[in-house]
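A short worksheet on the structure shown next.
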Amino acid sequence: MPGSEMSRPCKRCKVEDAPFQLRTDPTCRDCYVHYVALKMGKRLGQLHRDIRVSRLPTARRYIAGLSFGPSSSALVELLDDTGRRLSLKKSTSPFNPLVVHVDTDLSAREDSPARKLIEEYRRRFSHVEFECVPLSDVLAVRSIDWSALPLPVEDGSVIDPAARLQRLFDALPTVTSRADLLRQFIRHLLLHIALKSSCSALLLGHSTSALAALTLSEVANGRGFAVPWQVNDGLCTICTYPAPGTSTNGSDTTATGKETAQIEFPVYYPMREVFRNEILQYIDLVPALSGLVPTDQMTIGGSSSVVSHKDLSIEEVMARYFDSVEDSYSGIVANVVRTTGKLERVAGEDFCGSCGMTVDDQGDSRWAGEIGDDPNFKSNKKRHAPFSRVIESMRLELPKMRRLLFANSVTQAMPNAPNI
Amino acid sequence: MKTLNERHNYGLNLVLLSVDEGIKGYRDDSLETVKRNAVQYEMPLEIVGYDQLYGWTMDQVVETIGKKGNCTYCGVFRRQALDRGAKQLAIKHVVTGHNADDIAETVLMNLLRGDLPRLARSTSIVTGNSSSEVKRSKPLKYAYEKEIVLYAHHKKLDYFSTECIYSPEAFRGTARGLIKNLERVRPSAILDIVRSGEDMARLTPDKGQGACACDEGEGMGGCGSANGRTSGNEMALVEANIKSQAKSTTLETEITSNGAPKPEEDTVALPIRSRRPKEPAPSPMQTLGQCIKCGYMSSQAMCQACTLLETLNKNRAEIAI
């Protein structure tokens, strides 16, 4: 943000004219741009160190997702810049990223707006390859357990893959589940293309704010166990499932829904240390990005005024929340991401057929607690009116408390034990 | 609880315990409700006040601190006041009425604040261990706030539902607003957050050991305490001595660091350049010790309440001059 006081020099290079505020320090334009580039470059370097197998220069072919949003556009610009710099150096590992946009408009034809926009990107950034893929290609992806989703079967009535996918989305009950599944599909599709075009890592352009929102929306979706896998950098497991309808020969019908192969693939978020506001500022400062990002992508949810929370998805609620707190409490945005970084990645035996994340084997029975163990309870499931739930949760906890009390009074022989 | 106790013959001896923060226009009204409840349910009632425990009412604290950040004081003081009140009455188990909304709020707040140790222990139903003689539980943890209010309404219970007059300024307020928004989108999100909180507790560096509610037997409840996670129980002997002077908060003494239980230092491993993916630096674990001033359990040398009191008293002295 341009500051009012011109008197304070740039904190980094001491130049007099420092109109921008970067994490409370006055900063000049060049240092600002350099800072964002450095944050991204560090993560990219970390990725290279993590996945290379020998010290000899090896080809660095990464795939990057592009949503046309500010953050992923900035990522593309930085990848292009890195590619241009590295192409001049002969001694380093060759660097040729592939940028893929997944066109989520299911009614799109050959001359869709997304294709036009990708042409514009291609014109501006010559050191990266671009590709535009329709979302309906996801139907060919084998890393999703399609038997778990309400996808209409291929019976000839609906041949168009886009129409089938549209039916699938229509069958989902809420805005949240649609948004959630769309995000998963894009991720799967990107991973699929990455493997097909022999890329060595997937780069996603989430900013700190976007990662924080992703963390909390995953938490609010009850997937806390898998959050470290979703949000942290590193190897992710990809399972492959049999194509629907192929395993019906013979007795092997039960095998659908069971994965057939597992591979590990690195997924990294190079923009993870840059806030959304900083990226918006960066786009303002870099001529190559000016006027490129569609204006509706520059603000969260189009307009910031809330229409009705009922029509929003959980993801959107979170994105709005972080958008509102980023100014006043920018610390907490980074806190969320850093806290997640400290959580361990505990791998379960099973993987979710839809989101591909690890599943806690005993999670459900642990959650059910004594409720799960009580056979009477299961048969009474129907009478789960609110009141009975209150009583029920207390009924289950009281005996536990009582046991604790008794055990305690025996083992510790408290002198002033209450009369129980 | 009273109904269940009588119906199932648990043989529990139930007592009502209230904390008076000294907030006019909020707590004085609700205490009236509590007093009526005591008569209605024929249960003995004990009220402990901040003024008698700490020499400060919340109204005075707010006067000194201002409208922001005073919830920290209130929360810390109340937790300790509950335990002290319980000790006075020789109570061994404090049951609080926290509902699912409260827990979800806490989970989000701990994530927002980056408070890993608390994330590990805040979700367990029963907290407290062999070294703290008062346990706490939250039996309503899985019940939505709405359900509870409906229950109380339809059973025509005499209850009090006003938010604290100072709460709109609190950081908790933003988390609360977020939860309400989520509830509008998908009501089950609240329980989903609680579930995520429990799962994430097991992913924290100390593995949420014992913070798991289904761990039974041993009389421990297997749970981390609400104010510090247990390690070995080296403090058990010391505790017996300190117990006798539990109520005396000596407000004037200086802090002496010798003889204090040494909290684990924040050791940060130097980054080692390696080609293997780095393990995350081990974050310091919190060990349960005791406050050097009042003997209350704490993971630091001096417990939060005493630290806060110290700053308060410093201010008061200055004002007096």
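In what follows, chains carry the letters A, B, and so on, assigned in the order in which the sequence lines appear, proteins first and then strands, with residues in each chain numbered from 1.
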OG1 (T340(A)) and CG (L111(B)) are apart, to the nearest 0.5 Å, by 6.5 Å

So, for A220(A) and I193(B), which heavy atoms are closest and what is the spacing to 0.1 Å?
-> CA-CG1, 3.6 Å

Write down the atom of R195(B), the atom of G222(A), and the distance for their closest heavy-atom approach.
-> CG-O, 4.2 Å

Atom CG of L203(B) and atom CZ of F225(A): how far apart are they, to the nearest 0.5 Å?
-> 5.5 Å

Select one option (side chain, backbone, both, neither) describing which atoms of L216(A) are under 4.5 Å from chain B's heavy atoms.
-> side chain

K155(B) atom NZ, over 12 foreign heavy atoms within 6.0 Å | no

Might you work through the side chain to side chain contact (heavy atoms under 4.5 Å, CB included) test for R184(B) and V317(A), ending with a clear yes or no?
-> CA-CA 10 Å; R184(B) 245 167 266 153; V317(A) 172; over 6 Å; no

Show your working on side chain to side chain contact (heavy atoms under 4.5 Å, CB included) between V185(B) and V175(A) and close with a plain yes or no.
-> CA-CA 9 Å; V185(B) 175; V175(A) 189; over 6 Å; no

Taking every heavy-atom pair that is under 4.5 Å apart, which of V219(A), V336(A), T339(A) has the most such pairs with chain B?
-> V219(A)

So R186(B) and N221(A), side chain to side chain donor-acceptor pair (under 3.5 Å) or not? Walk me through it.
-> CA-CA 9 Å; R186(B) 183 190 268 176; N221(A) 279 326; 2.9 Å; yes

So how far is it from F322(A) CZ to L112(B) CG, rounded to the nearest 0.5 Å?
-> 5.5 Å

Pick one of side chain, backbone, both or neither for R338(A), based on which atoms fall under 4.5 Å of a heavy atom in chain B.
-> neither

Do you know the tightest heavy-atom contact between I314(A) and A189(B)?
-> CD1-CB, 4.3 Å

Just how far is it from atom CZ of R113(B) to atom CG of N335(A), taken to the nearest 0.5 Å?
-> 10.0 Å

CG-CG distance between L312(A) and N181(B), expressed to the nearest 0.5 angstrom = 8.5 Å

So, the part of I179(B) with a heavy atom under 4.5 Å from chain A: the answer is neither

Heavy-atom closest pair (S196(B) atom, R223(A) atom, distance to 0.1 Å) is OG-N, 3.3 Å

Pairwise distance CD(E218(A)) to CG(D192(B)) - rounded to 0.5 angstrom = 11.0 Å

